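So the structure is just underneath, and the comments pick up after that.
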Amino acid sequence: MDIPTTMRSLVAPRQGGPEAYEVREVPVPSITLPTHVLLRMHAAAANTGELQAVAGKMKIFHTPKYPTQLGAEGSGIVVAVGPGVKDLKVGDEVFGAYIDKPMFRLPPPGFISEYAVAEERFLLRKPAHLSLLEAAALTTVVVTSYQTWRRGLQLMGADSLEGKTVYIPAGLSSTGAMAAQVAKNVFGASRIITTVSTPKLALVEQYLPGIYDQVIDYKTQRPRDQVAPGSVDIMYNTQWTSMDEGIPLLNPTTGVLISITSAPSKATAKKMIGADRFSWWIGLLLDLAQLVYRWKLRGTSIKYEMVSGGLEIREDLEKAGEIVALGKVRPVMRTVELGNLEAVKKGCEEVVTGKGGIGKLVVKI
Ligand SMILES: NC(=O)c1ccc[n+]([C@@H]2O[C@H](COP(=O)([O-])OP(=O)(O)OC[C@H]3O[C@@H](n4cnc5c(N)ncnc54)[C@H](OP(=O)(O)O)[C@@H]3O)[C@@H](O)[C@H]2O)c1
């Protein structure tokens, strides 16, 4: 296959939001590590953390270099492999997310481009029952859901969610929609309660038939008025604004609160950004945040932990691949075309603000 020298890529030209994004002609990346795979990208996802970092909202951890090519998750076809690549070969259809830990050390993977390189260890073969477009939406959310539920079960001292009532706010968000499917179809949750905004109420069964047992309109109803206090065994927190409303629902003695969207502990933060970039004042801020969570949970024995998904743990990535291959989960997503820059910017705006979108934003290249 002829590989061109330049390609189209979605680029943030400077620090800021999606309104400034451009599609630029840039050089096609080349294989620089023996384990690199060059992909002809088919589709790529836009993720909140990355777009917020590009907008300058993570300055205490990381400031990207601009212009920055966007996207770290997606799907494509292998067009070249480095000499150290063991399993993948030219022509394979793959999906994955090139996000290592400590974070922010790799050059931006630029998956929202016609070509991108990634190390083989971050890629999985696409199962036949999914399209490349669908596969682009899955990696980070399946891995994070699997790891977060597993940690929640450890904190509960349980092997499965059978007989358990689960609360997952934002049931049609990218993370919430996947957390619910993994809870029910992988860990056997008996009852799942969720929240969505009013316009999405009618869409829940359309996107995820049979997954949710109770859906609350969080714009007009308070979860504590709809669910018996103390009746929830475990909450999976997905949004910065959703933790408080879930706490009264949890069993105050045995409840577990796992969260993917709150301040991490110092140990977790060190793994996320690397001990070398961890300063005493970041530690102080995180200690203060833990005090706030302890205060929120005062008078209860609820166990709380923030989990940061780890794509670099190959065993877990392969487990996620198995969950996908077995058809236990389906993508909940919306699609825009790279050729329609205005639609891309609008979708990315929803991602940065965490408002309005349904499922994962996938850009078709
Ligand atoms: N720890 C980790 O490993 C990890 C991994 C992935 C993502 N994350 C984080 O998880 C967060 C969510 O990511 P995401 O991909 O799920 O984002 P997303 O798909 O953009 O989710 C936001 C959606 O949730 C709804 N929503 C917002 N606030 C809500 C609330 N209080 N209650 C109910 N629904 C609400 C919004 O819909 P409406 O406007 O219609 O309400 C919005 O469309 C982000 O902060 C991201 O950085 C963490």
Side-chain angles (χ1 to χ4, degrees), residues 18 45-55 57-58 61-62 72-73 97 99-101 103 137-152 167-182 193-204 207 212 215-224 226 235-247 249 258-265 268-269 271-273 305-313 316-317 320 331-334 346-362:
N47 288 327
T48 315
E50 183 198 1
L51 300 194
Q52 288 185 342
V54 166
K57 293 185 178 176
M58 294 199 185
F61 301 126
H62 169 64
E73 168 166 28
I99 305 170
D100 205 356
K101 281 216 179 116
M103 294 159 77
L138 290 169
T139 317
T140 54
V141 278
V142 182
V143 172
T144 304
S145 298
Y146 171 71
Q147 293 175 332
T148 306
W149 282 123
R150 186 179 60 189
R151 181 63 187 139
Y167 176 68
I168 306 169
L172 285 183
S173 65
S174 167
T175 55
M178 191 52 66
Q181 294 183 79
V182 172
I193 304 166
T194 194
T195 58
V196 292
S197 59
T198 318
K200 292 179 180 165
L201 274 179
L203 302 175
V204 172
Y207 279 92
Y212 294 115
V215 182
I216 299 165
D217 175 352
Y218 83 99
K219 294 287 185 185
T220 60
Q221 297 170 317
R222 290 192 321 170
R224 73 178 77 172
Q226 305 299 318
M235 170 178 176
Y236 184 121
N237 183 53
T238 58
Q239 306 293 322
W240 286 102
T241 49
S242 59
M243 185 192 279
D244 292 1
E245 71 201 17
I247 291 172
L249 315 184
I258 41 169
S259 176
I260 57 163
T261 311
S262 48
S265 67
T268 301
K271 281 192 197 140
M272 289 167 75
I273 62 170
E305 194 170 306
M306 186 272 181
V307 178
S308 167
L311 281 303
E312 76 289 356
I313 304 170
D316 290 354
L317 183 62
V332 174
M333 58 190 275
R334 58 205 195 273
K346 185 173 171 289
C348 288
E349 191 62 40
E350 291 169 350
V351 174
V352 183
T353 57
K355 285 287 156 204
I358 292 182
K360 184 76 88 182
L361 177 71
V362 173

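The residues of the chain are indexed from 1 along the displayed sequence. Whatever order the structure lists them in is the order used to number ligands and atoms, beginning at 1. Note that the coordinates shown come from a computational prediction; the quantities given were computed from them, not determined experimentally.
Among the atoms of Tyr218, some N or O lies under 3.5 angstrom from an N or O of ligand 1. Polar contact check, Lys219 against ligand 1: no nitrogen or oxygen pair lies under 3.5 Å apart. At least one N or O atom of Gly356 sits closer than 3.5 Å to an N or O atom of ligand 1. Close N/O approach between Ile260 and ligand 1 is found [any backbone or side-chain N/O within under 3.5 Å].
In summary, the atoms of ligand 1 found under 4.0 Å from a heavy atom of Ser308, numbered by their order in the structure, are 1 (N), 3 (O). Within ligand 1, the atoms closer than 4.0 Å to a non-hydrogen atom of Gly357 are 43 (O), numbered from 1 in the order shown.
Heavy-atom proximity to atom 36 (C) of ligand 1, evaluated over Ser145, Gly354, Ser173, is greatest for Gly354. When the heavy-atom distances from atom 47 (O) of ligand 1 to Thr48, Val196, Asp217 are ranked, the shortest goes to Thr48. Nearest-residue assignment for atom 33 (C) of ligand 1 (options Leu51, Thr195, Val332; heavy-atom criterion): Thr195. Looking at Pro199, Gly359, Gly309 and measuring to atom 3 (O) of ligand 1, the nearest heavy atom belongs to Gly309. Here atom 37 (O) of ligand 1 lies nearest to Lys200 when heavy atoms of Lys200, Met333, Lys355 are compared.
Under 4.0 angstrom from ligand 1, the non-hydrogen atoms of Met306 all belong to its side chain. Under 4.0 Å from ligand 1, the heavy atoms of Val307 that appear belong solely to its backbone. Looking at Thr144 against ligand 1, only its side chain comes within 4.0 Å, counting heavy atoms. Within the 4.0 Å heavy-atom criterion, the part of Gln239 lying near ligand 1 is the side chain and not the backbone. Residue Thr175 touches ligand 1 through backbone and side chain together, judged by heavy-atom distances below 4.0 Å. Counting heavy atoms closer than 4.0 Å to ligand 1, residue Val141 contributes nothing at all. Under 4.0 angstrom from ligand 1, there are no non-hydrogen atoms of Gln52.
Nearest protein neighbour of atom 10 (O) of ligand 1, counting heavy atoms only, is Thr261 OG1, 2.9 Å. Atom 19 (O) of ligand 1 has Ser174 N, 2.8 Å as its closest protein atom, hydrogens excluded (heavy atom only). For atom 31 (N) of ligand 1, the closest non-hydrogen atom of the protein is Thr241 OG1, 2.9 Å. Ranking protein heavy atoms by distance to atom 12 (C) of ligand 1, first place goes to Thr238 O, 3.2 Å. The shortest contact between atom 25 (C) of ligand 1 and any protein heavy atom is with Ala170 CB, 4.0 Å.
Here the closest heavy-atom approach between residue Thr195 and residue Tyr218 is recorded as CB-CB, 3.9 Å. Here the closest non-hydrogen pair linking Ala320 and Val143 is CB-CG2, 3.6 Å.
Using modelled atom types and a 3.5 Å distance limit, the side chains of Ser145 and Thr148 yield no donor-acceptor pair. Counted by atom type alone, Ser308 and Lys101 present one or more donor-acceptor pairs between their side chains at under 3.5 Å. Side-chain contact of Glu73 with Thr140: a donor-acceptor pair under 3.5 Å is present, judged by distance alone.
Under a 4.0 Å N-O distance rule, the pair Asp217/Lys200 does not qualify as a salt bridge. Arg222 and Glu245 are not joined by a salt bridge, as no carboxylate oxygen comes within less than 4.0 angstrom of a charged side-chain nitrogen. Electrostatic pairing of Arg334 and Glu350 counts as a salt bridge here, judged by a charged N lying under 4.0 Å from a carboxylate O.
Rounded to the nearest 0.5 angstrom, Ser265 OG and Met306 CE are separated by 9.0 Å. Atom CG of Asn47 and atom OG1 of Thr175 lie 10.0 Å apart (nearest 0.5 Å).
Look at Pro169 and you'll find every heavy atom at least 4.0 Å from all atoms of ligand 1. Ligand 1 lies out of reach of Thr140, whose nearest heavy atom is not under 4.0 Å from it.
Contact check for Val196 versus Val215: side-chain heavy atoms found under the 4.5 Å cut-off. Side chains of Val142 and Met178 form a contact here, defined as non-hydrogen atoms less than 4.5 Å apart. Taking 4.5 Å as the limit, some side-chain heavy atom of Ile358 sits within range of a side-chain heavy atom of Leu203.
In terms of modelled atom types and a separation under 3.5 Å, the side chain of Tyr167 and the main chain of Leu249 share no donor-acceptor contact. Between the side chain of Asp316 and the main chain of Leu311, no donor-acceptor pair closer than 3.5 Å is present.
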